[in-house]
Amino acid sequence: MIKIDYLKNNTRYNPFEFEEKIYNYWVPYFKAKKGKKFFIILIAPPNITGSLHMGHTLENIILDIIARYKRLKGFNIVWFPGTDHAGIATQYVVEKELKKEGLNRFILGKEKFLERVWQWVDKYGNVILDQFKKLGLSLDWSRKKFTLDKKYVWWVEEAFIRYYKAGLIYRALRPVNWCPRCFTSLSDLEIEYKERVDKLYYIKYPLKDGGYLTIATTRPETMLGDTGVAVNPKDERYQDLIGKKVILPLINRELIVVSDLRVDPKFGTGILKVTPAHSLIDYEIGLRHDLEIVSVIDEYGKMNENAGSFKGLDYLQAREKIINELEKLNLIEKIEKINHLVPFCSRCDTELQIIPSYEWFLKMDKLAKLAIEAVKKNEVEIIPLRFKKPYFDWLKNIRDWCISRKLWWGQTIPVWFCKNCGEKSYVVDRRKPKKKCKICKKNNWQKTEEVFDTWFSSALWPFAILSTEQEKKYYPADLVSSARDILHLWITRMIFSGKYFMKKSPFKKVFIHPTVLTKEGKRMSKSLGTGIDPLDLIQKYGTDALRFGIIWQLSAHQDLRFDQVPLEQGQKFLNKIWNAYRFYVLTKEKFANQKNKKISQADRKIIKSLENTKNFVEKSIEKFELGLALKRIYKFFWNEVCDFYLESWKGETKNNLQVLDKVMIDSLKLLHPFLPHITQLIYFALGNKKPLFFEKI
RNA sequence: GGGCGGGUAGCUCAAUGGCAGAGCGUCUCGCUUACAACGAGAAGGUCAGAGGUUCGAUUCCUCUCCCGCCCACCA
């Protein structure tokens, strides 16, 4: 790529001239080789909607440093690139595109809409992977994976069918978190709560035997679906209410007062109206006391036929009207302000409704136990250790996972409903069932339109991407790294899925890496305008300098307040390295005829220091302390190799040339995982023809 | 409401039961033939606050105050 003269004649290193060329040179060598002593890294597949952000950047640079270091330690690296179809996220971005054209998916129809999504996938699906190349990641590009690959889709269906046969999957009508804009159910993890000041209405409910009680609610429109009233059994104020009958205003339904521990005596009046259709806590109470489920709000957020004269109104209009009528009846005791948390769709930011819907659920108790056991027995090591606590806490309190979505984009669930009998009759199968419906005795099956929660699919990632016999040996992986926010969403679910289907944890170590914050300690976010685009940084500083700058600031345990200054420092360091090797080459020429075989004091000192540095770096990398490792190498190279050792070669010297060679070549190897491009370039300039990472450290 | 992390030099962060450290920045001096994108050197800190354990605490324990994050079905 370059000759030694280029190094001798240029005092400045220009990354922009070489980084891409060097990357392209490497690509064939990144291929996972046959053989033994593998180190297997599992990539977190980015969404096809994505473009590179600082989180991906940090995460994958960390992994690449480890990959390159392990290569130098003699390992064969297995690290496949891949992407996630990301159901709800992708559907949402395509819908946003349509909106710009004045369209929406309902106007377009399902078929045309899906065509549009596939067009998007073709156009943008690989953008982020191309951006990964700019980071210098040593990924095996001969094996690109996607969560809608044939084999992958097979595995997702397989998982559903096996869970179903084992009795872990059931269908139920339950109140779920529903996004009226995406028009789908959501899992607990896809909700974002926001604080908001609302009104708390104190409403009088007449008692059948005279008098009244007062309940407090922020959602009076749901009262039309009330099928009970509840108080806490320990609440002394209301002992005599238990068992009494209440007349629901406006509807005149008779309700019974039950007692349930879930009622918080401190909230409002301490009396709860129970609406099992539109509240999860009420649903639970309803189950315990055998209360009816009456839904009054539909999928559009409008009042339905059970809402009587309010039918057809938007829930907010209905609220207003209901309050008006209650006021006329003198049933509003007071209205207070309340600051509370309101659920929103984490994708499109629409306020959610809780409505009853038929959905598929995965029973979590057994699976949670598998996941708990895997970490307890150290089959999976979570680093830093402190993340074990939230891991266990989440699993201990877990509820069944709603795995179905009513989206259009995603993998269809392998279930067939009888066209005549609907909900009452279905078959779980990949192909259209041949047998007849038990109820109507006809063969009239239609595949469901429901799709999987995209996380159900990505939970299978560690083994669903392994399609050939050779690849099957790459399970389990040694290492996966992720951001904190997908610990439950992804990591935990991969662990129990792996344990369940493969009988083994899907990876040995999970490194939960720090979050990249702004210099002020704020979250980086596009919408807030606080984000930094890594591609801009690469354009300005080059990849090696970016890698230096971000890892310089990295500590294994603490969030990273991103500052650009260390990137400038990185550029300076690259130039320092460049010139040190220039001097090395010139010095070798100058002393070419020297026959000195003695080891000088300076030689001894630098060898000692080199060994110490290697040991320190090895230990630090094992602990994911890449920032400390880099700082140590930096100090070693700059202060000890350059300021001390190379200086001692000026003028006349008693140093040994072989020691010089060893120090300079070993330094190059030590620097390589962090600064791969420049070290490879210098390696070429010194007359070598192979990838530097095939050397041994 | 529960949990986690952090508060150390102007900035970003280390380390440690026994003189408080690095990089950047600042200041001084040097363009010594690899590099001024450099070299030599200097200044700079009541280690958030209070109490406790100890011969000795920035470090261990308790409490308080700030900052950040996560989890939770308060209607």
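Chain naming here is simple, since letters A, B, ... match the order of the sequence lines and numbering starts at 1 in each.
Inter-residue side-chain proximity for Arg262(A) and Glu284(A) is flagged as met; some heavy-atom pair is nearer than 4.5 Å. Contact annotation: the side chain of Phe562(A) never approaches that of Thr518(A) to less than 4.5 Å [non-hydrogen atoms, C-beta and beyond].
When the P atom is compared between rG68(B) and rA15(B), the two are found 24 Å apart, to the nearest whole Å. Distance noted for atom P between rG18(B) and rC61(B): 15 Å (whole Å). Distance check on atom P: rG52(B) versus rU58(B) gives 14 Å, rounded to whole Å. For the P atom pair drawn from rG39(B) and rC31(B), the interatomic distance equals 16 Å after rounding to whole Å. The separation of rC4(B) from rA72(B), taken at their C1' atoms, amounts to 15 Å, rounded to a whole angstrom. If you take atom P in rC63(B) and the same atom in rC69(B), they sit 24 Å apart, rounded to whole Å. Across rG23(B) and rG56(B), the matching P atoms stand 35 Å from one another, rounded to whole Å. The same atom, P, is picked in rA43(B) and in rG49(B); the two are 24 Å apart, to the nearest Å.
When ring centroids are compared, Phe591(A) and Trp649(A) come within the 6.0 Å threshold. You'll find the ring centres of Phe18(A) and Tyr6(A) inside the 6.0 Å limit.
Note on Lys662(A) versus Asp603(A): no salt bridge recorded, every NZ/NE/NH1/NH2 to OD/OE distance being 4.0 Å or above. Ion pair Glu336(A)/Lys199(A) not flagged as a salt bridge, since none of the NZ, NE, NH1 or NH2 atoms sits closer than 4.0 Å to an Asp/Glu carboxylate oxygen. Salt-bridge annotation for Asp661(A) and Lys588(A): present, with a side-chain N of the basic residue lying under 4.0 Å from a carboxylate O of the acidic one. The pair Lys8(A)-Glu589(A) counts as a salt bridge, with a side-chain nitrogen and a carboxylate oxygen less than 4.0 angstrom apart. Between Lys363(A) and Asp400(A), no side-chain nitrogen of the basic residue sits less than 4.0 Å from a carboxylate oxygen of the acidic one, so the salt-bridge criterion is not met.
Within the 4.0 Å cut-off from OP1 or OP2 of rA14(B), at least one side-chain nitrogen or oxygen of Ser555(A) is found. For Lys576(A), a side-chain nitrogen or oxygen approaches OP1 or OP2 of rG39(B) to under 4.0 Å.
Looking at Asn655(A) and Ser648(A), their side chains do bring a donor and an acceptor atom within 3.5 Å of each other. Glu59(A) and Ser481(A) are not linked by any side-chain donor-acceptor pair at a separation below 3.5 angstrom, with hydrogens and angles left out of the test.
Between the CD1 atom of Ile550(A) and the C1' atom of rC13(B) there is a distance of 15 Å, rounded to whole Å. When rounded to the nearest whole Å, the span between CG of Leu574(A) and C1' of rC38(B) equals 16 Å. Computed from coordinates, the Ile191(A) CD1 to rC70(B) P distance equals 15 Å when rounded to whole Å. To the nearest angstrom, C1' of rU33(B) lies 16 Å from NZ of Lys8(A). Here rA14(B) presents its C1' atom at 7 Å from NZ of Lys631(A), a figure rounded to the nearest Å. Following rounding to the nearest Å, Ile486(A) (CD1) and rC71(B) (P) show an atom-to-atom distance of 13 Å. One can place CZ of Phe637(A) at 15 Å from P of rA34(B), the figure rounded to the nearest angstrom. Atom pair Ile633(A):CD1 and rA22(B):C1' shows a separation of 16 Å (rounding to whole Å applied).
Under a cutoff of 6.0 Å and an axis angle of 45°, Arg174(A) and Phe361(A) form a cation-pi pair. A cation-pi geometry, defined here as NZ or CZ lying under 6.0 Å from the six-membered ring centre and within 45° of its normal, holds between Arg493(A) and Trp401(A). Annotation: cation-pi geometry satisfied between Lys650(A) and Phe583(A) (NZ/CZ under 6.0 angstrom from ring centroid, within 45° of ring axis). A cation-pi arrangement is present between Lys605(A) and Phe644(A), with the terminal nitrogen or guanidinium carbon under 6.0 Å from the aromatic centre and inside a 45° cone about the axis.
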Given protein heavy atoms under 4.0 Å, the one-letter contact record of nucleotides 23-32 of chain B, with B base, S sugar-phosphate only and - none, is simply SS--------

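Closest of all the heavy-atom pairs between Pro175(A) and Pro276(A) is CG-O, 3.5 Å.
Using cut-offs of 30° and 60° for the angle between ring planes, the Phe548(A) and Tyr634(A) rings count as tilted.
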Can you name the atoms? Protein N/O to nucleotides 2-11 of chain B N/O, anything below 3.5 Å, with the distance.
residue : atom : partner   : partner atom : Å
rC11(B) : O2'  : Lys519(A) : NZ           : 3.2

Provide a list of protein-nucleic acid N or O atom pairs under 3.5 angstrom, restricted to nucleotides 43-45 of chain B.
none

Are any protein N/O atoms closer than 3.5 Å to N/O atoms in nucleotides 73-75 of chain B? If there are, list each pair with its distance.
residue : atom : partner   : partner atom : Å
rC73(B) : O2   : Arg262(A) : NH2          : 3.0
rC73(B) : N3   : Arg262(A) : NH1          : 3.0
rC73(B) : N3   : Arg262(A) : NH2          : 2.4
rC73(B) : N4   : Arg262(A) : NH1          : 3.2
rC73(B) : N4   : Glu284(A) : OE2          : 3.4
rC74(B) : O2   : Asp264(A) : OD2          : 2.6
rC74(B) : N3   : Asp264(A) : OD2          : 3.4
rA75(B) : OP1  : Leu341(A) : O            : 3.4
rA75(B) : N6   : Asp264(A) : O            : 2.6
rA75(B) : N1   : Asp264(A) : N            : 3.2

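Under the side chain to side chain contact (heavy atoms under 4.5 Å, CB included) criterion, Glu351(A) pairs with Arg196(A), Tyr315(A), Val342(A), Phe344(A), sequence neighbours left out.
Here the side chain of His488(A) is nearest to one of rC71(B), rC13(B), rC35(B), namely rC71(B). Comparing rA34(B), rC71(B), rG39(B) by their closest approach to the side chain of Trp638(A) singles out rG39(B).
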Under the rule of Watson-Crick or G-U wobble with both distances under 3.5 Å, where | means paired to another strand and [ ] a crossing pair, RNA chain B maps to (((((((..((((....[..)))).(((((.......))))).....(((((..]....))))))))))))....

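Within the 4.0 angstrom heavy-atom criterion, base atoms lie near Glu647(A).
Residue Glu625(A) is the one, among Glu625(A) and Leu646(A), whose nearest nucleotide of RNA chain B lies closer to the 5' end (criterion: closest heavy atom).
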